[in-house]
Number of protein chains: 2
Amino acid sequence: MVSRIGKEVELSPVELASQTAKKVEINLASGTPDPKVMPIKEIKEAYNEVIEEYGSKVLFYPGAGGQEELINEIKNYLPLLGLSEGKDKIIVTSGAQHAIELLSKYFLENDTIAVENPTFIETFMAMKLRSNVVLPISLDSNGIVVDELENLLKIINIKFLYVIPNCHNPAGVNLCEERRKRLVELAELHDFYILEDDPYRPIAGDVPKPIKYFDKFGRVIYISSFSKIIAPGLRVGFILANEEIAEKISLIEQLDFSTSTINQYVVSRLLRKGIVKERMNYLYNHYSNKMKILIESLQDVGFTDFNKPSCGFFLLLDLKKDSWKVFLEAVKMGLSFVPAKPFFLRGGDTMARLSISVASEEDIKKGVRILKSAWNNI
Amino acid sequence: MVSRIGKEVELSPVELASQTAKKVEINLASGTPDPKVMPIKEIKEAYNEVIEEYGSKVLFYPGAGGQEELINEIKNYLPLLGLSEGKDKIIVTSGAQHAIELLSKYFLENDTIAVENPTFIETFMAMKLRSNVVLPISLDSNGIVVDELENLLKIINIKFLYVIPNCHNPAGVNLCEERRKRLVELAELHDFYILEDDPYRPIAGDVPKPIKYFDKFGRVIYISSFSKIIAPGLRVGFILANEEIAEKISLIEQLDFSTSTINQYVVSRLLRKGIVKERMNYLYNHYSNKMKILIESLQDVGFTDFNKPSCGFFLLLDLKKDSWKVFLEAVKMGLSFVPAKPFFLRGGDTMARLSISVASEEDIKKGVRILKSAWNNI
């Protein structure tokens, strides 16, 4: 007998689809940032510079909570995300996934939580394995349906709400400003926290201020990542939370001590040199142009049941047929995407997550044609 | 209310002493490898080489369980540790600390475990926070007292035994070969696992074969790290375990996805170039020479109550006086060490952990003189 986590953990369906995607010609499955726009040269320079400048200091054990150099750079970076440190504190993590694992470890022990339906399955796993009850709250084109949450809160207490406010994975929607404000009010009224997972904001273009921006009571825990704006292979992200929670998370980090010291210096250097800032608009354009092509291509072949994402990597398409069957047919024809049912706590059987992140314009167009053919065959 | 981990986690006393150590002249507290012998130039070259050779591939999300390139190099490296892959499987982790966090997550849910008394407090934290009962098993100059464990196993079942077989932290002892064999037999007889935490082996010189070497039944989970032989700031280590456990740990790794892809390529490169192998003997000599100076210095001033470590960073000295009081006096005089009581589940009030890892020969000699003066003042 092992722990509940040991018993219940399973292979992520995204990982599974990614493995399939490697074997086929056209990849509309992967959520990895586009390698064609990774700042490889700048990253290489940054490694050389931090080793030359700091020597062995960048190779020591990481300090609890993150390297001071990086924390200072993140303070300067926060305004670009519409935030400031204020009374809160920054904790460096090994990306957003690690941040959510740390927060789940801190908060959860067979509790009740609420998540969007659908939600991002990989981060959700860390919460699900430690929760007793998970309330799925519907999404519409303006993000999480706050009325639905409010009605549930009249009859049930939750420990936290997990929400992806921008360029939602897998739904592609942005949460409107009015709902952001209402979420903060609800959190204070009903004594819960909001985990605001916002890895796409640096490449999201013009979106409303973070939920955290409206937070007067320390109820919002903001999670960010450098995976989209720099590269995921460095494994660096951060949490902005009230001091009490931040202190505890920094202690819990001692249990894994997993955030590479040198990579923190590299991210710090790229922030200092303005490379992160420079890339924000560039990457927004890069990805939103590809998204426009996906939207047009889908419309051209007669697929219309989807929201039109303004940013990010993902579009959620209702195929109106079993998406798993369409997936199996599409793979045979050289296309991979992610059948989206695993992202849903209820429903989702006919939903497909299409990603534009690594695909070229030509791939997107060709992929949609294959999708239509596969769909016709089912 | 938060989780048990959230409630019970606390600042590691090693971290506390390390912070003190930064403020005083002589540091016999820190367990960090000696920056003077870190292969900085080789690491810098490796970053350049892997970025030039592989490009964006080294900057993608890490694959579950570790990058294939590194796993292959570790397979070739295992014989240098006295091991082979056999029917087992390698899982790459963010260092040994992360490995133990993953294994604790997998195995423990209010269970009974056994550890050495004393044990390494930082790795132990991950286990303690998920255990109900922890059995402390005495150490002597030949390592864990297996007779004591055997007597306890007659009346109580354990989930696993955690053991540091070489250059023990904080005790400085090595486990003798006969006891290693007996531990494997006991594990099979009494249905428990052995977590063999062996980060010092690459720099341990001539020590017995790993416990894992004697393991016929998949009962031993071997944990290794590149922190001592390369540098801790990369956060790369690995687990060698039977296939079932290895598969599960690779799934649990999805929850934090924290092991930097590029750093895995860098370690892989350093292994391939033979730099790890070259350094084994060099670092053994570097550290054991400093250890000899510590031993002689202690004897010169009349301290005799300690085992004589043959390897590693740590010597455990019985001051025969309250070591916390001696510590406070020593800090005033410019010396830091770690009062070792927190490493003990029972006893340890008069014990001091002295580390030679970052101190120079002169520092060690001077530090011991300060220690004696502080001791005289108590």
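All chains are named by letter (A, B, ...) in the order of the sequence lines, taking the proteins before the strands, and each is independently numbered beginning at 1.
Side-chain atoms of Pro35(B) and Phe60(A), non-hydrogen and from C-beta on, do get closer than 4.5 Å to each other. Contact check for Asp256(B) versus Asp256(A): no side-chain heavy atoms found under the 4.5 Å cut-off. Side-chain atoms of Lys248(A) and Val2(B), non-hydrogen and from C-beta on, never get closer than 4.5 Å to each other. You'll find the side chain of Thr259(A) stays beyond 4.5 Å of the side chain of Arg235(B), heavy atoms only. A heavy-atom distance below 4.5 Å is found between the side chains of Leu255(B) and Ile5(A).
Using a 4.5 Å cut-off between heavy atoms, Met38(B) contacts chain A through its side chain alone, with no backbone atom that close. Contact annotation for Glu52(A): only side-chain heavy atoms (C-beta onward) come within less than 4.5 Å of a heavy atom of chain B. Only the side chain of Ser227(B) comes within contact range of chain A, judged by heavy atoms closer than 4.5 Å. Heavy atoms of Lys159(B) lying under 4.5 Å from chain A belong exclusively to its side chain. Looking at Leu102(A), neither its backbone nor its side chain comes within 4.5 Å of chain B, counting heavy atoms on both sides. Residue contact with chain B, scored on non-hydrogen atoms closer than 4.5 Å, is absent for Ala96(A). When heavy atoms are compared at a cutoff of 4.5 Å, Tyr47(A) approaches chain B solely by way of its side chain, counted from C-beta outward. With a 4.5 angstrom heavy-atom cutoff, Gln264(B) does not touch chain A via any of its atoms. Contacts between Lys57(A) and chain B at a heavy-atom distance below 4.5 Å are absent for every atom of the residue. Within the 4.5 angstrom heavy-atom criterion, only backbone atoms of Leu108(A) (N, CA, C, O) approach chain B. Both the backbone and the side chain of Tyr61(B) come within contact range of chain A, each with at least one heavy atom under 4.5 Å from a heavy atom of that chain.
With chain A as the partner, the residue from Ala231(B), Gly63(B), Gly55(B) showing the most heavy-atom pairs under 4.5 Å is Ala231(B).
Between the Ser260(B) side chain and the Gly233(A) main chain, a donor and an acceptor come within less than 3.5 Å of each other.
Contact check on Glu101(B) versus Lys105(A) returns a salt bridge, with a Lys/Arg side-chain nitrogen under 4.0 Å from an Asp/Glu carboxylate oxygen.
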